[in-house]
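Have a look at the structure below, then the notes.
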There are 2 protein chains.
Amino acid sequence: MALLLGPYAEVVLHDAATDRVLAIWNPISGRVPGDPSLLGELDTIEPAGTDVYGPYEKSLADGRRLSCVSAVLRDPDGRSSAVLCVNLDRTPFEHAAAVLQSFAAPTAPPPPALFEQDWTENMRRIIGGFVRTSGRQLEKLSRPQRIAVLAELDSAGILDIRRSAPTVAAALKISRATLYSLLTELKTTRSQP
Amino acid sequence: MALLLGPYAEVVLHDAATDRVLAIWNPISGRVPGDPSLLGELDTIEPAGTDVYGPYEKSLADGRRLSCVSAVLRDPDGRSSAVLCVNLDRTPFEHAAAVLQSFAAPTAPPPPALFEQDWTENMRRIIGGFVRTSGRQLEKLSRPQRIAVLAELDSAGILDIRRSAPTVAAALKISRATLYSLLTELKTTRSQP
DNA sequence: GACATGCCTGGACTCTATGTCCAGACTGGA
DNA sequence: TCCAGTCTGGACATAGAGTCCAGGCATGTC
């Protein structure tokens, strides 16, 4: 697979037991065998049916975005034993697409059609992404981490939506009171760092 | 210009005095000389500086989207006398871009990044679009027309944003009371048509 | 085990935004 | 001139947004 997909795809084999990288081909992310996988709660991402997840999106620290699929490889007895991930660097395609689009595109952003109708989906993606990259369960986040998630949600405009507060609090599994407590802390530390 | 831009661009010359099409080359929109221009309040769209507007976006009934620029050609005395519009069919470019994008794109929509941060921009575009297609000034819309705009704004989620009501009312140049009046009428007629 | 610390929580509370109502003003016809 | 339809500012009731606090529940320390 690594050969077929040329220099733009990274193929990683994870050990599900130790949560570490077993082998890696064409390492875009710079990981080496033995590194922690940070798969976190991959198993619970998509409880629907198959053992193949994705395609979903991940980002590298340098901003490149990857399209990823993962497959769980199971023992004969059914317990998972390894996870195979293929990460494709999208940037070249995005660049080419941007060239084509910009040729005729108005400077105004393409009418965002229906404004992100389902903001709860949006919210869940942000929270889910944080949980996955931080590698800790939602319930076990530290206070600063919770504040960080809130900052993301806030700057994504989620909190400007009517009646969102209770929903957001529920999604973060904290009380409404705590939500506001975190929020004021976020704002004060932002103005006096 | 029509020759240069091949089969994908329509060039139209409008008579500002009679608001009708003077001449048209390569008619994508199917208009012929003598047709009404429906330029509406083009002159007030972008009061900033020059006599060249755009690029902005228009749509055809069949769904194709056009990138458009307009230039006002003035008499020596400074009053406008004609408007030259170039409309470029974006669909071929969009198709090509879509092919490239879909190759590596996750099925999930690309994280709408920052949720349409500036919803007021969004709102103005919807209102502006309505005014332009209806061809009537904002202040002179009929009640059903106002309801129609509100329906668009509503289904775009604008009204689900906190504190949007006063801003929306102001943008529509109606009072807050009227806004709610229109809104209840919209909702009752929608449930009992 | 006793205590201190830090955070979370439910509930009570205040204040602001939302939505409703109405009398009066305005507008475009008959 | 009057009338019907509509818009408006202001008064109001209610729901939602934020704030506050006395507890509760962990964790860590002695």
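These numbers were taken from a predicted model, which means no experiment stands behind them. Labels below follow one simple rule: chain letters A, B, ... track the order of the sequence lines, proteins then strands, and each chain is numbered from 1.
- The CZ-C1' distance, from B/Arg143 to C/dT27, rounds to 15 Å in whole Å.
- Residues B/Pro144 and B/Arg163 each lie close to DNA chain D; by heavy-atom proximity, the contact nearer the 5' end of the strand is made by B/Pro144.
- At least one side-chain nitrogen or oxygen of A/Arg162 sits closer than 4.0 Å to the OP1 or OP2 atom of C/dG19.
- Relative to the axis of its first five pairs, the axis of the last five pairs of the helix from C/dG1-D/dC30 to C/dA30-D/dT1 sits at 20°, rounded to 10 degrees.
- Side-chain atoms of B/Ser181 never come within 3.5 Å of backbone atoms of B/Ala177 as a donor-acceptor pair (strictly under, hydrogens ignored).
- Taken from CG in B/Leu141 to CD1 in B/Ile174, the straight-line distance is 9.5 Å, to the nearest 0.5 Å.
- Under a 3.5 Å cut-off, the side chain of B/Arg162 and the backbone N or O of A/Leu159 do form a donor-acceptor pair.
- Summarising the geometry of B/Leu182 relative to B/Arg146, their closest heavy-atom pair is CD1-CB, 3.8 Å, with the distance given to 0.1 Å.
- Scanning residues 174-184 of chain B for heavy-atom distances under 4.0 Å to DNA chain D yields B/Ile174, B/Ser175, B/Ala177, B/Thr178.
- In this entry the distance linking CG of B/Leu141 with P of D/dG5 reads 20 Å, nearest Å.
- Atom P of nucleotide D/dC7 and atom CG of B/Leu172 are separated by 11 Å, given to the nearest angstrom.
- Side-chain atoms of A/Asp160 do not come within 3.5 Å of backbone N or O of B/Ile161 as any donor-acceptor pair.
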